[in-house]
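Accompanying notes for the structure given below.
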Amino acid sequence: MATLRSLKIKTSTCKRIGKELHSYEKEVETEAAKTAKMKENGADPYDLKQQENVLAESRMMIPDCRKRLESSLVDLKATLAELEELNQKEGQEIEDARTTISEVEKLFPTSSTSESEGL
């Protein structure tokens, strides 16, 4: 059974994973620029290889983070829908959840259409 507490937890989870995704995307940009600069300056091949490994690791984290964010978004929507069925349609937690859902859906413009097609 959904409670406001579980809604608040799931909302916080979505926010946290969203920040994490943004952080990884920013890190990839930074590391890519650093790698390009090292290539321009003719850095030692070993150092360049290590930097490319760092960049590859950062890039690998983004798809995983997106999957976790999509999963937590589905959980959040389900919990919100369950609470709305129980006639709990107002309150700070409900508004926070709705705001978070709209913010996260902006990151996944195609996921909302594919979800509705699957239903």
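For the numbers below, each heavy atom of this structure counts, side chains included, while hydrogens, waters and symmetry mates do not.
The residues R98 and E84 are annotated as salt-bridged, a charged nitrogen and a carboxylate oxygen being separated by less than 4.0 angstrom. Note on E103 versus K15: no salt bridge recorded, every NZ/NE/NH1/NH2 to OD/OE distance being 4.0 Å or above. A salt bridge links E52 and K39; the closest N-O separation between the charged side-chain nitrogens and carboxylate oxygens is under 4.0 Å.
Checked by atom type and distance alone, the side chain of S71 never pairs as donor or acceptor with a backbone atom of K67 at under 3.5 Å.
In terms of heavy atoms, L55 sits closest to V28 at CD1-O, 3.6 Å. For the pair K10 and D75, the tightest heavy-atom approach, listed with the atom from each and the gap, is CD-O, 4.0 Å. Nearest heavy-atom pair across R66 and L107 is NH1-O, 3.6 Å.
At least one side-chain heavy atom of K37 sits less than 4.5 Å from a side-chain heavy atom of N41. Under the 4.5 Å side-chain criterion, counting only non-hydrogen atoms from C-beta, T13 is in contact with I9. Contact of the V74 side chain with the K77 side chain is not registered, since no non-hydrogen atoms from C-beta on lie closer than 4.5 Å. In this structure, the side chains of S23 and K26 stay at 4.5 Å or more apart for every pair of heavy atoms.
Residue Y24 holds its OH atom at 15.5 Å from CD of E29, rounded to the nearest 0.5 Å. The distance from atom CD of E105 to atom CD of E70, rounded to the nearest 0.5 Å, is 11.0 Å. Separation of atoms CG (D47) and OG1 (T35) is listed at 11.5 Å; rounding is to 0.5 Å. Separation of atoms CG (D44) and CD (Q50) is listed at 10.0 Å; rounding is to 0.5 Å. Atom NZ of residue K8 and atom OG1 of residue T3 lie 11.5 Å apart, to the nearest 0.5 angstrom. Atom CG of residue L7 and atom CD1 of residue I94 lie 5.0 Å apart, to the nearest 0.5 angstrom.
When the shell of 6.0 Å around CZ of R59 is examined, it contains 12 or fewer heavy atoms from other residues, nucleotides or ligands.
Between D96 and Q92, the side chains place a donor N or O and an acceptor N or O closer than 3.5 Å (distance only, hydrogens not considered).
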side-chain contact (heavy atoms from CB on, under 4.5 Å) between T11 and E93: does it pass, once the steps are laid out? CA-CA 8 Å; T11 302; E93 292 87 356; over 6 Å; no

Audit row: S58, E31, side chain to side chain donor-acceptor pair (under 3.5 Å) steps and yes/no: CA-CA 8 Å; S58 295; E31 296 300 331; 5.7 Å; no

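Each of S72, S12, C14 was scored for a side chain to side chain contact (heavy atoms under 4.5 Å, CB included) with T100, with one residue passing: C14.
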